[in-house]
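Throughout, protein chains are lettered first and strands after them, A, B, ... in sequence-line order, and every chain is numbered starting at 1.
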Amino acid sequence: MRTRFAPSPTGYMHIGNLRTALYEYLIAKSNGGKFILRIEDTDQERYVEGAMDAIFNTLEMTGIKYDEGPYVGGDYGPYIQSERLHLYKKYAQELVDKGEAYYCFCTKERLDSLKKSAAELGDALNYDRHCFYLDKEEVEKNLRNNVPHVIRQKMPTEGTTTFHDVVYGDITIENKTLEDQVLLKSDGYPTYNFANVVDDHLMKITHVVRGNEYLSSTPKYNLLYSAFGWEIPTYIHLPPVMKDQHTKLSKRHGDASFQDLVERGYLPKAILNYIALLGWSPKDTEEIFTLEELEKSFNLDGLSKSPAIFDIEKLTWMNGEHIRRMDLDEFYDVARPYIEKGTNSSLTEEQMKKIAGLIQKRTEVLTEIPGKISFFAELPDYDIQIYVHKKMKTDLENSLTYLKEGFDYLKEAQDFTSNSLYEGIKELAAKLGCKNSQILWPMRTALSGVEVSPGGATEIAEILGKEESLKRMEYGISKLGG
RNA sequence: GGCCCCUUGGUCAAGAGGUUAAGACACCGCCCUUUCACGGCGGAGACACGAGUUCGAUUCUCGUAGGGGUCACCA
């Protein structure tokens with residue numbers, strides 16, 4: 001089994017594209033097959049500098065490895081279409097010789113006017129097949145004079161064409177709705193319609209996987225395969241990934257690309273996991289998968305045929321899920337830049353690692369880290385009203401009292417670790433006859449200066465260290481008028 | 001507009017004639033708890049509509065409606 005991902009380098013890699021690549025990869029890999037990358041750069045006008053690198057980088061970051069493709073090579077190269085021009089020319093000529101295609105010298109003006117009148121008449125077809133009726137001498141004369149021309153495929157005018165698609169089943173269309181499509185453009189480049197057939201055949205692609213926008217042109221490709229006498233591949237068309245009920249997710253509408261999501265704090269593996277589930281569902285109810293696990297579980301009949309809306313909230317949850325499943329070192333590796341950013345790189349390695357431990361279960365997207373932990377580096381200016389907490393049974397008055405008690409305790413504490421401090425404070429509360437929270441809440445507040453913090457009073461104290469903790473406690477006491 | 005395709009809670013989705021119509025996100029409540037998270041338990045919430053086939057349709061058929069795609073020298 002051989003599948004291919006055939007993007008055109010016209011911009012950045014968007015989510016729908018990436019999902020197609022993923023499925024193509026998974027379909028091949030779950031069957032022990034090969035996954036091929038082919039660049040479809042046959043539109044010179046839409047070519048975007050750097051777009052090819054975006055494709056390579058994205059595949060690299062996600063771990064989707066191709067067995068054959070640009071740079072890595074393979075037995076069926078080159079894998080960039082602009083380097084295969086001679087092939088398309090040769091095969092187009094073959095079709096002309098067989099009478100399956102013909103030269104067309106029509107000008108753009110003539111084509112435009114045909115299109116206009118067809119639109120007015122409500123005709124399905126635009127082209128009137130004018131050049132098909134040119135006699136041989138005239139064609140040759142035009143060719144000799146270098147009159148610009150294209151090569152068109154001659155479509156049958158009656159009958160129907162049926163093809164089978166793995167997800168959509170049998171689809172039949174009437175041949176008379178098919179236009180004599182252009183195979184070779186006047187600039188010598190093939191159209192997608194032609195190049196994909198030639199290349200898929202030459203590269204021995206067994207399963208053609210692509211978006212379902214190609215569903216309606218697939219009969220044309222089959223006609224091409226038959227004209228050549230080539231074997232028709234298995235088709236697997238995929239429903240689109242939507243932004244909402246009405247519009248597809250696309251870079252054009254400013255929707256997030258893979259790269260954008262990574263910059264927003266999403267892990268490549270979580271993105272991959274999430275999009276795998278947009279249009280495919282596993283046999284059981286497990287939803288968290290690594291790429292390797294997907295390779296094992298993937299199966300064709302889990303593919304669905306209706307569009308799926310991209311839900312950033314679920315991706316966010318899933319990202320958190322992947323974060324929680326990392327071991328601390330792995331998490332620290334990805335979180336460290338964000339911790340440094342939030343603390344201006346003012347903390348020690350040891351402190352940062354402890355912070356990582358505190359925030360791992362509280363992080364869904366990496367970019368939320370800096371804001372959550374900046375108080376470790378610098379005590380923010382805070383309103384003393386946050387000492388008042390109904391559920392903790394604290395008010396301004398008892399906060400001051402217990403803060404002083406807490407301060408005295410911390411000052412004498414020998415073992416400045418969270419557990420030890422926590423035990424000590426519990427004893428203190430028992431001795432004072434108050435609730436644990438009546439000491440801990442004011443302490444947490446004084447130590448952090450924020451209403452909500454990752455970690456409680458003693459965890460923060462441990463990271464801050466004795467000196468800084470006492471300083472902050474003192475400041476809190478003075479703020480409360482003590 | 002012609003042709004093709006799609007339609008289960010707000011979202012992702014399982015189910016393919018007889019089910020209390022799974023599960024997940026989000027939402028709500030409770031529990032756990034040194035705040036917040038995490039975790040645990042529970043709740044609310046769906047078969048687009050109309051015919052037909054059938055003892056019985058979410059499931060099959062046909063219509064209707066809604067949505068999408070496609071009709072390029074773009075892919």
Value in whole Å for how far the [atom2] atom of [N] lies from [atom1] of [X]:
| X | N | atom1 | atom2 | value |
| --- | --- | --- | --- | --- |
| A/Lys305 | B/U59 | NZ | C1' | 13 Å |
| A/Leu114 | B/C73 | CG | P | 11 Å |
| A/His322 | B/C25 | NE2 | C1' | 14 Å |
| A/Glu287 | B/C25 | CD | P | 7 Å |
| A/Leu315 | B/A26 | CG | C1' | 14 Å |
| A/Gln81 | B/A75 | CD | P | 9 Å |
| A/Glu364 | B/A24 | CD | C1' | 14 Å |

First encountered from the 5' end of RNA chain B, between A/Trp441 and A/Trp317: A/Trp317

Nearest-nucleotide 5' precedence on RNA chain B, A/Arg19 against A/Leu184: A/Arg19

A/Glu49 CD: over 12 foreign heavy atoms closer than 6.0 Å: no

No-H, no-angle donor-acceptor pair, A/Lys314 side chain to B/A24 base, under 3.5 Å: yes

Any donor-acceptor N/O pair under 3.5 Å between B/C3 base and A/Ser216 side chain: no

What integer number of Å spans the [atom1] atoms of [N] and [M]?
| N | M | atom1 | result |
| --- | --- | --- | --- |
| B/G40 | B/G45 | P | 24 Å |
| B/A13 | B/C71 | C1' | 33 Å |
| B/C12 | B/C47 | P | 16 Å |
| B/A44 | B/U70 | P | 42 Å |
| B/A22 | B/G15 | C1' | 8 Å |
| B/U58 | B/U20 | C1' | 15 Å |
| B/C31 | B/C36 | P | 13 Å |
| B/G18 | B/U61 | P | 16 Å |

Side chain to side chain contact (heavy atoms under 4.5 Å, CB included), paired with A/Asp200, selected from A/Ile36, A/Ile232, A/Ile205: A/Ile205

Across all strands, who's sitting opposite [N] as a Watson-Crick or G-U wobble pair, both distances under 3.5 Å?
| N | answer |
| --- | --- |
| B/G56 | none |
| B/A21 | none |
| B/C71 | B/G1 |
| B/C38 | none |

Side chains of A/Arg110 and A/Leu114 in contact at under 4.5 Å (non-hydrogen atoms): yes

Ring-ring centroid check A/Tyr103 A/His149, cutoff 6.0 Å: yes

Parallel, tilted or perpendicular, as decided by the 30° and 60° cut-offs, for the rings of A/Phe298 and A/Tyr23: tilted

Sugar-phosphate only, base, or nothing, as touched by A/Asn193 at under 4.0 Å among non-hydrogen atoms: base

A/Tyr266 six-ring face occupied by A/Arg264 cation (under 6.0 Å, within 45°): no

B/C71 OP1/OP2 closer than 4.0 Å to side-chain N/O of A/Lys176: no

